2 protein chains.
Amino acid sequence: MTQKNGPVEKVIPDIVIHRLPVYLRALDLMARQGKRITSSQELGERLGISSAQIRKDLSHFGEFGKQGTGYDVEYLRDQLRRILKVDRVWPMAVVGAGDLGHALANYKGFANRGFQVVAVFDADPAKIGQRIGGLVIESMDVLTERIAELGIRIGIIAVPAEAAQDVANRLIEGGVRAILNYAPITLSVPEGVRVEYIDPVLALQSMTYYLEPNEVETVVGS
Amino acid sequence: MTQKNGPVEKVIPDIVIHRLPVYLRALDLMARQGKRITSSQELGERLGISSAQIRKDLSHFGEFGKQGTGYDVEYLRDQLRRILKVDRVWPMAVVGAGDLGHALANYKGFANRGFQVVAVFDADPAKIGQRIGGLVIESMDVLTERIAELGIRIGIIAVPAEAAQDVANRLIEGGVRAILNYAPITLSVPEGVRVEYIDPVLALQSMTYYLEPNEVETVVGS
DNA sequence: TAGATTGTTAATCGATTAACAATC
DNA sequence: TAGATTGTTAATCGATTAACAATC
């Protein structure tokens with residue numbers, strides 16, 4: 001079927017989307033430091049990114065600066081918050097109440113950046129009913145219904161690798177459409193569900209490639 | 001100055017280096033599942049990567065497969081471990097003994113993937129001397145000398161953003177050349193020092209861009 | 001006005017993909 | 001042998017950078 005060329009919805013490269021939060025984080029810091037104006041060059045120097053790239057990235061969304069002057073820090077910050085839809089608070093569920101789950105549920109860095117953990121789940125009966133911060137740990141058995149009930153769209157997986165795919169399935173069934181996965185495994189999810197991965201080992205292994213081994217390395221032994 | 005064309009040290013794209021640990025992780029899993037042979041196509045399907053890309057990536061380092069058959073899982077895994085220099089155990093220091101520091105010091109996922117936390121530091125006098133797993137929390141005051149003493153090349157920063165740059169400086173002074181930074185701030189480091197960043201909020205914010213807001217969003221209020 | 005910096009275009013650079021000869 | 005899959009080349013695709021007119 002042939003279509004007339006309607007107004008083409010321009011798709012913005014995913015890699016650009018991934019840089020916007022970095023810009024936002026820097027602008028947040030500048031605003032806290034009382035800085036009122038910045039430029040693509042200054043921002044670029046702070047972040048190790050070229051000024052051209054910053055201007056190009058922003059140009060996908062509109063015009064936010066003023067020639068000869070630069071960008072109003074608070075204005076650009078607010079625009080990025082709007083674009084990224086973090087000009088609100090997204091409720092999130094954390095699954096897994098181990099060390100990592102605790103760290104996530106208590107993490108102060110979510111506040112003011114658009115997120116709040118509102119539910120924590122674990123499979124261990126001994127943990128259910130215990131408190132983390134202000135939250136009561138709930139059973140995995142009620143995960144799907146509770147996610148639906150609370151209208152939660154974002155889930156954080158902090159369970160062992162073996163359990164991660166099952167947790168993902170349940171989250172999605174409850175209505176989750178964005179998953180932050182700390183389990184060291186690639187998840188299989190349906191179209192329309194996004195997954196971001198955090199595996200410190202992957203980050204570390206990409207650095208050891210470049211590291212010069214030194215003499216005192218511990219040898220793998222038995 | 002003009003040079004004769006000597007044997008050119010081919011630089012492998014950083015983005016390729018970042019995919020190798022993902023391949024290694026998948027091969028580890030396959031090996032544990034008892035799989036002996038795989039192909040670029042199978043690996044690609046599991047990871048959501050094209051088979052051509054996998055073959056191209058591997059070709060930077062040599063020939064590891066057999067036409068008509070594919071790759072021996074354990075052999076390719078071992079080769080990737082060697083290339084990434086995780087065919088040994090790298091001692092690491094964790095700085096910051098909060099929730100996150102605890103989670104990192106206790107994390108079971110480092111073992112068998114090339115890493116071991118051998119020292120934990122914190123600035124809080126109340127925490128110094130306490131134990132996390134088998135480790136005693138040490139003072140930030142001795143960080144630099146202890147890093148040097150232990151020959152540590154990798155540091156993990158799990159302190160608040162305000163302290164992160166100072167911690168990075170001290171780690172580097174002690175001899176650290178690779179930093180995994182959990183603090184939500186871009187670090188400034190000298191040439192030759194690598195930094196990888198883990199900020200869950202950045203990952204989350206790049207997903208909310210694509211999320212459809214629903215009706216029940218909590219509104220930012222006072 | 002002179003100086004500075006944006007937004008945008010065009011050129012460059014680099015990464016991904018398609019295709020296939022080689023060969024197990 | 002027939003079928004399958006690698007390693008590699010060339011083509012395509014996409015992202016980054018350089019440059020500059022517009023303009024504050």
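Here the structure is a predicted model, which means the values were calculated and not measured. Reminder, nothing fancy here: chain letters follow the sequence lines and each chain counts from 1.
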Distance, rounded to the nearest Å, where [X] contributes [atom1] and [N] contributes [atom2]:
{"X": "H60(A)", "N": "dT8(C)", "atom1": "NE2", "atom2": "P", "result": "11 Å"}
{"X": "Y23(A)", "N": "dT6(C)", "atom1": "OH", "atom2": "P", "result": "13 Å"}
{"X": "H18(B)", "N": "dA15(C)", "atom1": "NE2", "atom2": "P", "result": "13 Å"}
{"X": "D57(B)", "N": "dT17(C)", "atom1": "CG", "atom2": "P", "result": "10 Å"}
{"X": "R55(B)", "N": "dA21(C)", "atom1": "CZ", "atom2": "P", "result": "15 Å"}
{"X": "I37(A)", "N": "dA4(C)", "atom1": "CD1", "atom2": "P", "result": "16 Å"}
{"X": "K66(A)", "N": "dA22(D)", "atom1": "NZ", "atom2": "C1'", "result": "15 Å"}
{"X": "E42(A)", "N": "dT6(C)", "atom1": "CD", "atom2": "P", "result": "10 Å"}

Looking only at the side chain of [X] (C-beta and beyond, no hydrogens), which of the listed nucleotides [options] gets closest?
{"X": "A52(A)", "options": "dT6(C), dA18(D), dG7(D)", "answer": "dA18(D)"}
{"X": "Q67(B)", "options": "dT5(C), dT6(D), dG7(C)", "answer": "dT6(D)"}
{"X": "K56(B)", "options": "dT5(C), dT16(C), dT17(D)", "answer": "dT16(C)"}
{"X": "Q53(B)", "options": "dT6(D), dT16(C), dG7(C)", "answer": "dT16(C)"}
{"X": "I15(A)", "options": "dT6(D), dT16(D), dA18(D)", "answer": "dT16(D)"}
{"X": "Y71(A)", "options": "dC24(D), dT6(C), dG7(D)", "answer": "dT6(C)"}

Subject >> salt bridge (Lys or Arg N to Asp or Glu O under 4.0 Å) evaluation trace for D87(A) with R77(A) >> reply: CA-CA 10 Å; D87(A) 53 352; R77(A) 177 199 63 188; over 6 Å; no
Original post:
Only one of E42(B), R36(B), R55(B) clears side chain to side chain contact (heavy atoms under 4.5 Å, CB included) with Y71(B); which?
Top reply: R55(B)
Original post:
If only side-chain N and O atoms of S50(B) are considered, is one of them under 4.0 Å from the OP1 or OP2 phosphate oxygen of dT17(C)?
Top reply: yes
Subject >> Identity of whatever pairs with dT23(C) - Watson-Crick or G-U, under 3.5 angstrom >> reply: dA4(D)
Original post:
Does dA11(C) have a Watson-Crick or wobble partner in any strand here, with both distances under 3.5 angstrom, and which is it?
Top reply: dT16(D)
Subject >> Which residue lies more 5' along DNA chain D, comparing I49(A) with L58(B) via nearest heavy atoms >> reply: L58(B)
Original post:
With sugar-phosphate meaning primed atoms plus P, OP1 and OP2, does S40(A) contact a base, only sugar-phosphate, or nothing at under 4.0 Å between heavy atoms?
Top reply: sugar-phosphate
Original post:
Roughly how far, to the nearest 0.5 Å, is the CG atom of L171(B) from the CD1 atom of I156(B)?
Top reply: 10.5 Å
Original post:
Looking at CG of L180(A) and CZ of F115(A), how far apart are the two atoms once the value is rounded to the nearest 0.5 Å?
Top reply: 9.5 Å
Subject >> Greater than 12 external heavy atoms within 6.0 Å of N112(A)'s CG >> reply: no
